[in-house]
Amino acid sequence: MNQASHHVVVVGAGFGGLELTHALAGQPVRITMIDKRNHHLFQPLLYQVATTALATSEVAWPIRHLLRKRKDVTTLLANVAGVDRTGKRVLLDDGSAVAYDTLVLATGARHAYFGHDEWEPFAPGLKTLEDATTIRRRILLAFEQAERETDPARRQALLTIAIVGGGPTGVELAGTIVELAHDTLRGEFRNIDTRQTRVVLIEAGDRILANFAPELSEYASKALERLGVTVELGRAVTRCDAEGVVFGDKQLAARTILWAAGVAASPAAEWLGAKADRAGRVLVEPDLSVPGSREIFVIGDAALVLRPDGRPVPGVAPSAKQEGRHVAATIKARLAGDNTVRPFHYKHAGDLATIGKRAAAIDFGWIKLTGWLAWWLWGIAHIYFLIGFRNRLAVSLSWLWIYVTGQRSARLITQGDDDKA
């Protein structure tokens, strides 16, 4: 590598892209960070924005601010349209291009509807700040419209919230929404009792939190039911529309449907013309490079990385950060003239999911925790990974206030959209 002019282009300022950029500090490279949004998002807490517990500014930070001290990094707000592998250029949608010596695609994932994209207008997913504020708006508007509705059946449909998908996001949404309805909003309306809100969690499999140990899945189901959530298992959703959702032989009248059932990778594989799995994840080499292009790496949710037992590396923040560090180490080695191929080895940090404000399930493999202690450990872990003292303090105080009073402050209905609430 030509150390004096080596240019690393990173597409995506998520956990993986930022970790790689931080790990290359002090190296003889120029870095260009490209993202279609101007902020880094702490996605594990995005559901709390959607459910009025946190404000958007508490889970997202401007990329330029995070990299302001890195004179070796140039940040571009731009949409990528493709990659010219032969010419070693990243193509932008305005017709311009950015040349690279090493390219790292850390472009994340989007929600997927298993071939039913027509469901998206009725069942938004949760991947971006815009998704979160849209969901928050729909939930709050459902209560406002129920307050004015005089027909009992229509009112109950407005007070019914269906969540499709029993993974951590679905479980966390269900627990938080039922507490919002039963605790935070109680007594604020005159014509409805928000405690009559029905939250239904629909999972096609035989248990929720399928990646957790079976006993933790059972604990989570019982904890949700104690909160008042209805858990429906073993029935796949076959229809979503303005009137509700159909799963198995059941039809549920619900004016608010939230999608937490599936994800698809970003268009990285399409940009590269590379092989991908059914979810669109690039089939990378063991060192995370793209077959046929050793100078291109794909990390995070955009890559399919297999563990020794054949299972894919999970699409969570710790794995993306590990992959970012691994690629940074490979770039450093190549700068030093060492072109040895170093396979990536994933170290699983554990699975965590919170269930409302007083319970959680944690699976570290060697130890499994539930209940109040697990909830506190979950909170400490998430606060630790937040960026900056101010945000850690703000989130801690918000959680403490909710824990003590049940009140959530981020309940403003602001943006407009064409929702079906």
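The structure displayed is predicted, hence computed values, not measured ones.
- For E285 (side chain) and D287 (main-chain N/O), no donor-acceptor pair under 3.5 Å exists by modelled atom type.
- Judged by distance alone, with hydrogens and angles left aside, the side-chain atoms of S217 form a donor-acceptor pair with the main-chain N or O of I208 at under 3.5 Å.
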Checklist entry - Does the side-chain hydrogen bond (donor to acceptor under 3.5 Å, both in side chains) test come out yes or no for T256 and R138, once each step is laid out? => result CA-CA 7 Å; T256 303; R138 292 193 183 194; over 6 Å; no

Item to check | Derivation and outcome, side-chain contact (heavy atoms from CB on, under 4.5 Å), residues L306 and L304 | outcome: CA-CA 7 Å; L306 299 179; L304 176 64; 4.1 Å; yes

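- Residues R392 and L386 come closest through the heavy atom pair NH2-O, 2.9 Å.
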Checklist entry - Could you go step by step and tell me if D72 and R70 meet the salt bridge (Lys or Arg N to Asp or Glu O under 4.0 Å) rule? => result CA-CA 5 Å; D72 56 325; R70 292 288 302 278; 2.9 Å; yes

Item to check | E323/V313 under side-chain contact (heavy atoms from CB on, under 4.5 Å): CA gap, chis, key distance, verdict | outcome: CA-CA 10 Å; E323 291 167 15; V313 170; 3.8 Å; yes

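- Without hydrogens or angle criteria, T354 side chain to E172 main chain gives no donor-acceptor distance under 3.5 Å.
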Checklist entry - Going through the distances and angles, do W61 and N391 end up as a side-chain hydrogen bond (donor to acceptor under 3.5 Å, both in side chains)? => result CA-CA 10 Å; W61 307 271; N391 291 291; 3.2 Å; yes

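- Proximity of a side-chain donor or acceptor of R110 to a complementary backbone N or O of A265 within less than 3.5 Å is detected.
- The aromatic ring centres of F15 and H40 sit less than 6.0 Å apart.
- Aromatic ring centroids of H326 and F344 lie under 6.0 Å apart.
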Next on the checklist: Please determine whether side-chain contact (heavy atoms from CB on, under 4.5 Å) holds for the pair T75 and I34, giving the CA-CA distance in whole Å, both sets of side-chain angles, and the decisive distance to 0.1 Å.
Outcome noted: CA-CA 6 Å; T75 301; I34 304 175; over 6 Å; no

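- Inter-residue side-chain proximity for E179 and I402 is flagged as unmet; no heavy-atom pair is nearer than 4.5 Å.
- Proximity of a side-chain donor or acceptor of K357 to a complementary backbone N or O of W375 within less than 3.5 Å is not detected.
- Using bins of under 30°, 30° to 60° and over 60° for the plane-to-plane angle, the ring pair W376/W372 lands in the perpendicular bin.
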Checklist entry - After noting the C-alpha distance and the side-chain angles of D131 and K127, does the key distance pass the salt bridge (Lys or Arg N to Asp or Glu O under 4.0 Å) rule? => result CA-CA 6 Å; D131 293 336; K127 287 294 180 185; over 6 Å; no

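- For an aromatic pair to be called close, the ring centres must be under 6.0 Å apart, and W378 with H382 satisfies this.
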